[in-house]
Structures are given as structure tokens and as C-alpha cells.
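Report on the following structure.
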Amino acid sequence: MQTGSWFIASFFVLLHLTSCKNTASPGTTGIVRDSAGVHLIELPAGEAHQPVVYLTIDTAWSADPGSEIGRLTDVAPTLDGGTLLLDGMAAEVFVLTETGDLVASFGRTGEGPGEFSPRSLLRGLVATDSSLFVPDLHLQRITEFSFSGEILGITRYPSAPVYAVDWRRVPGGGLAFRALDPSGDRIIRVVGGRVDTLYSFHIRVENPNMLLPPSALWDLTPSGGLVSARTDEATVELRAADTGELIWQTRWPGVGGELEESDRLHLGSLVVESVERNSPGVSSEVIAQNMAAVEYPDRAPVLAGLLSAPDGGVWVRSAKSVSSMGLDALRIGSTEGFGGSDWDVLGSDGLFRARVRLPDGFTPSRFRGNWIYGVYADDLGVERAARVRAVF
């Protein structure tokens, strides 16, 4: 299976309206039309200029395992109030209580039971009410542990080899992940011994050297619905859990457009900077060869993230402008490098509720109640687990 840079960077929301007129509740906005049972929502252009609500790090909360973490790859809240930390460098998992006490730590580099390949531990810890799952991309398997570190089972990836990322817990039982493929990503659900495709994204990236290629975004709602989007279109959709039927679609008309020449020049300068940084003293001929192999997308990314909230709403992350992107935007396999700090919050009906700004350096991972948990990197690049209260 080819694993080129088409992996770079790869949305669904819940609505139940009974009328084709605007039925927004106080504090929400959007124009609703009904088409063959699907609710189509257009957000007024002025929503982009709504006042921004600033959220801050909860400085009173800490999840410190008591030992140095080489690379904090993931932070996942457990259902009972605890927290899971994944050290992607040491291939180690830490289990902490709600008060921050260390319950267990396990894992190490290797290929045996309870061991992981550090180069393939991505964000994707999955916590259930009684266990946790740790996916390992290189070893093509997912290991289930008790919270004390006992191995409960090791399962090969379905249809291995497969580039499986973004693992999620399926409400009611089972797991789901995004299978990256150059012909179009798929959302795969695994429940018991049954494996099925929830959705296929019609995204093709023919050139492995394309910068900022369109990528798939997704999450599952608390009721199991599938929220999806793509980075190059300002549209979010929700599909039903069992039938896959489209329930509603929310659009930001006028957002996004073709990549401009100034954007191409900026991306080109980033490529040159990357080559010179990775190969000091490189010749102009080599730089020219690298530039000749680059292909630019037709459209710049407008979205960079999607989070399903416990209340059925959806948080939609805006992408940075191309001119403000740095080298992180070229990072393979992640939209984090071009994600901005602003998020549009949609209600469970798909209507706009608020625009919020998360703290600089905070990478959100998952909700638990009114809190968003994630990784916070300070001005010196030191990482720690953190949370933000999602109330406004």
C-alpha cells in the first residue's frame, strides 16, 4: 500500500427541524431550507464577524504522571473522571485519577505483547467504561488494556495493511477509524467481528507531492451519528448512525476560494526553507528539483478540525490564511499545522451558536462534559496535559 504525502491533512452535525422556515432558537442563527427531508442551512456572511469568546486554560487542574514525558502525543479523559496520557517517544501510557494520582503506567518500545512502535503511536487512545485501546500503526494492531495495565486482547487491524488513524469509540460499543487511501478515505466501524464502511470521502490526490491536499475530517456524535467535512470546502454534514442518511448540511457561503498567486509564492518559500533546513548547504539545483516536483492544490484549506460535543453540537475549526502558515503546515498526516485558534460552534440543529478562540498552543483532543482536554505547549515548547472549560 502506497503511503505518500497524500496522507497530509484529511466533518457531520445533528439537526431535527420540523419546518422549512428559520426555526432558530434565541442565540442561534442560520437560514434553513428543506430539500427531500434534508435540512440545508446557510449561515449569514456576517457570522464570520461575530464577537469572539475567549476560552482559557484551567490553571487549577493538573495531570502530571510524576516522570518526564518525551513527547505528549495524546490526552484522553476517561468516563470516570480520570485521564490517560500517551508518551509517543517512550511508547508509554499513564493512567491518572480525577485528582491527578498515578494509577498505572505501562508500555515500552518493542513488538511483543504490551509493546509499541514509537514511530507509529498517533493520537487515538480510546477509553471505554472498563478498558482502554492503544492503536499501533506500524505493528498494524490495537491492544486493549485494563486501567491497571493488564492486557485484555490484541487485535490485528481489519483489512491490514491499512493506514488507520483517528480512532473513536462507537456509542453503544465498538470502534471506528479513518482508513487513509489515495482513492478516497473511508470511515470504518468495527463492532464485535463485523466490519463495515460508514462513509467514503470522494477525495482523490493523484500527485504525492501536492501541498495542502484536501483532507477528510470527521467525528461521531453521542448518539452515533457521523459528522463529516473536508478541509477545502466550508460545509459540514450529519448522517444518521444506522442508515447513513444525510440529516442536515451547514454551509458558510462565500468562505474559501481558489488558491491565489501570492499563496503559491508563500508555499514555495516554505518548501525552500524546509529543504535548506533539512539539508544545510544544499545546492540551488537540488532546490529547483524539489520545486519542480511540487504541485499546488486548486483551493486553499478553509477548515482544519472537527469536534463533536456532548450536547450533540459540533465545533468547527477554521484554517489559517495561507500567508500566515509556517513549516508545520507542510507536516505529513496532520491538519494541526494549518489550524487556527478560532472555532465556530454549531448547535445540535446545525445552526450557528458562537465563535470561540482556544488558547494559543492548545491542541484539543476530546470533550468530557463541559471540558475540552488536550495538549498545551507553552512559549518554550514544553508540553503538558491541559483542559479548557467550554462554557460561554
Would you please name every residue forming a ring pair (Phe, Tyr, Trp, His ring centres under 6.0 Å) with F362, sequence neighbours left out? none

With R178, which of L198, L217, I187, I188 fulfils side chain to side chain contact (heavy atoms under 4.5 Å, CB included)? I187

Under the salt bridge (Lys or Arg N to Asp or Glu O under 4.0 Å) definition, can you give me all pairs with a residue in residues 379-392, not counting sequence neighbours? D58-R387

side-chain contact (heavy atoms from CB on, under 4.5 Å), that's the test. Do W218 and Y199 meet it? Break it down for me. CA-CA 10 Å; W218 73 287; Y199 187 71; over 6 Å; no

Strictly by modelled atom types, are S365 and D74 linked by a side-chain donor-acceptor pair under 3.5 Å? yes

Does T250 reach the main-chain N or O of G350 with its side chain, forming a donor-acceptor pair under 3.5 Å? yes

For residues 109-120, which residue pairs qualify under salt bridge (Lys or Arg N to Asp or Glu O under 4.0 Å), counting only residues two or more places apart or in two chains? R108-E115

Does a salt bridge link D328 with K320, judged by any charged N lying under 4.0 Å from a carboxylate O? no

Partners passing ring pair (Phe, Tyr, Trp, His ring centres under 6.0 Å) against F147 (at least two apart in sequence or in another chain): none

Side-chain donor-acceptor pairs of residues 287-296 under 3.5 Å, sequence neighbours excluded:
unit_1	atom_1	unit_2	atom_2	d
N290	ND2	V286	O	2.8
E295	OE1	N207	ND2	2.8

Test of understanding: with salt bridge (Lys or Arg N to Asp or Glu O under 4.0 Å), list the residues that count as partners of R168, not counting sequence neighbours. D219

Residues 253-270 side chain polar contacts: donor-acceptor under 3.5 Å, at least two apart:
unit_1	atom_1	unit_2	atom_2	d
D263	OD2	E260	N	3.1
H266	NE2	V322	O	3.3
H266	NE2	M325	O	2.8
S269	OG	H266	O	2.5

Please go through F94's hydrophobic cluster and name the other residues, only I, L, V, M, F, W, Y counting, with side-chain heavy atoms under 4.5 Å joining them. W61, I69, L72, V75, L85, L96, L102, W371, Y373, V375

Does atom CG of D298 have more than 12 heavy-atom neighbours, drawn from other residues, nucleotides or ligands, at distances under 6.0 Å? no

Please enumerate all residues that pass salt bridge (Lys or Arg N to Asp or Glu O under 4.0 Å) together with R204, with sequence neighbours excluded. E206

All ring pair (Phe, Tyr, Trp, His ring centres under 6.0 Å) counterparts of F133, not counting sequence neighbours: none

For D196, enumerate each residue passing the salt bridge (Lys or Arg N to Asp or Glu O under 4.0 Å) test, keeping only those at least two apart in sequence or located in another chain. R189, R194

Angle between ring planes, W315 versus F392, binned at 30° and 60°: parallel, tilted or perpendicular? perpendicular

Mind checking ring pair (Phe, Tyr, Trp, His ring centres under 6.0 Å) for Y376 and listing every partner two or more places apart, or none if nothing turns up? none

Kindly indicate, with the supporting measurements, whether the criterion side-chain contact (heavy atoms from CB on, under 4.5 Å) is fulfilled by V356 and V52. CA-CA 5 Å; V356 302; V52 175; 5.8 Å; no

